[in-house]
Amino acid sequence: MKNKFVYAIYIRTTQQKLWDALIKPEFTKQYWCNSHQESNWTQGSPWKIVLPDGTTTDMGEIIEIDPPKKLVLKWQNEWRPELKAEGPSRATIFLEPVGDTIKLTVTHEIEKDDSKFLGAVSNGWPAILSSLKSLLETGESHEHTRKTPTRDKCIV
Amino acid sequence: MDIVFKALADESRRQLLDKLHAHSGLTLSQLCEDLAMTRQAVTKHLRILEDANLVVSQKQGRNKLHYLNPVPIQQIAERWIDKFERSQLRLLTDLKKQLEGEADEK
């Protein structure tokens, strides 16, 4: 059984800055494949990831939101048919102070064994999170995470 | 970063990571299965891996499940792999995998 992945990273920043960096377009464009998210960030509202040309790569719904601490998303890929076919996944983003850092934990799970979708995100999350850390701590994200992905070649 | 290299520099700990890579979310007892290590040794190694953030544990009911966290390894890669080398390296590792089959290198 392999239907849940957990990613954790410690970032020297404040909880509010990290929260903003996770949801605000001016930040996400720099480390999350030039994408931004659209949502009004309230429980039950729709949520999606959008590329600069307007393509929706992923969409879902806000299951739970408690800024600047916890965000739970219903998350379905819309871009690649074989990933969309697996149905919705659930992503939990959790922020907590640890010493002089904020621990960011991302949990991504799906009700399906050997999920291709989780396989795809398992390439994406580590790259995105380490780029986010660089952005917040040094002011510069990793160059390869700033590029707009294409359907056959994307890091998420 | 020292702490990550130290955690990785041990065969038994890499074995535990391999096990979590194959099966995400194992309990301590499941991790101990088929290993030539005592439960105490596994516990000790797990603590070192958790301190290095290579393993993350989460409570689920009465169980504590362990997950491989690949983010520190990604950070090591980001530090030394230049942006221009990335695609060439991917090609080389793909080629190596093809030529050697999917078997892990020893």
Side-chain angles (χ1 to χ4, degrees), chain A residues 1-12 31 89-90 92-94 96 98-99 101-115 118-119 121-138 140-147 150 152-156, chain B residues 1-4 7-8 16-27 29-31 33 46-47 49-61 63-91 93-94 97 102:
Chain A
M1 194 182 71
K2 194 174 184 180
N3 56 7
K4 179 174 174 179
F5 284 95
V6 181
Y7 309 95
I9 193 164
Y10 295 82
I11 302 179
R12 277 192 308 280
Y31 69 88
S89 64
R90 182 187 175 99
T92 304
I93 293 168
F94 190 73
E96 61 190 312
V98 176
T101 65
I102 306 298
K103 182 182 186 186
L104 167 61
T105 308
V106 175
T107 310
H108 215 138
E109 53 202 310
I110 194 165
E111 294 293 325
K112 188 178 185 315
D113 291 343
D114 297 318
S115 158
L118 282 197
V121 299
S122 72
N123 285 325
W125 278 122
I128 288 168
L129 296 180
S130 62
S131 187
L132 167 61
K133 177 181 167 79
S134 289
L135 177 64
L136 288 172
E137 292 184 353
T138 71
E140 196 170 354
S141 60
H142 302 143
E143 189 182 331
H144 70 109
T145 64
R146 295 200 287 265
K147 290 183 187 147
T150 55
D152 57 338
K153 192 182 173 220
C154 53
I155 60 166
V156 261
Chain B
M1 208 166 264
D2 275 3
I3 194 171
V4 179
L8 289 171
L16 290 172
L17 292 178
D18 282 340
K19 224 168 159 178
L20 291 175
H21 186 240
H23 300 279
S24 207
L26 296 180
T27 62
S29 304
Q30 288 170 322
L31 269 168
E33 277 169 27
L46 273 179
R47 190 174 308 133
L49 289 168
E50 284 197 57
D51 286 346
N53 196 28
L54 287 161
V55 166
V56 177
S57 60
Q58 290 195 338
K59 281 238 167 80
Q60 188 179 294
N63 287 323
K64 193 173 160 192
L65 304 183
H66 299 82
Y67 297 86
L68 167 64
N69 179 31
V71 177
I73 298 170
Q74 177 80 28
Q75 288 173 262
I76 290 172
E78 297 287 353
R79 178 162 168 170
W80 282 292
I81 297 176
D82 194 81
K83 55 195 182 244
F84 303 113
E85 292 166 343
R86 195 171 300 275
S87 52
Q88 287 95 314
L89 283 172
R90 176 69 53 86
L91 279 177
T93 48
D94 285 352
K97 265 190 209 157
E102 283 295 322

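As the structure is a computational prediction, the values presented were derived from the model and not from experiment. Chain letters run A, B, ... following the sequence lines, proteins first, then strands; residues in each count from 1.
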query = Are more than 12 heavy atoms from other residues, nucleotides or ligands located less than 6.0 Å from atom CD of A:E111?
reply =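 Not buried by this count: 12 neighbours or fewer within 6.0 Å.
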
request  = Nearest 0.5 Å please: distance from the CG atom of B:L49 over to the CD1 atom of B:I3.
outcome  =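 Spacing of CG (B:L49) from CD1 (B:I3) equals 10.5 Å.
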
Residues forming a salt bridge (charged side-chain N to carboxylate O under 4.0 Å, His left out) with A:E137, sequence neighbours excluded = A:R12, A:K133

Using non-hydrogen atoms and a 4.5 Å limit, figure out which bit of [X] sits close to chain B: side chain, backbone, both or neither.
X      : result
A:S134 : neither
A:S131 : neither
A:I9   : both

inquiry  = Is B:L65 in contact with chain A via its backbone, its side chain, both, or neither, using a 4.5 Å heavy-atom distance?
reply    =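 Neither part; nothing is under 4.5 Å.
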
inquiry  = Suppose we screen for side chain to side chain contact (heavy atoms under 4.5 Å, CB included). Which residues come up paired with A:L136, at least two apart in sequence or across chains?
reply    =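 For A:L136, the residues satisfying side chain to side chain contact (heavy atoms under 4.5 Å, CB included) (neighbours in sequence not counted) are A:I11, A:T13, A:L18, A:A21, A:L132.
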
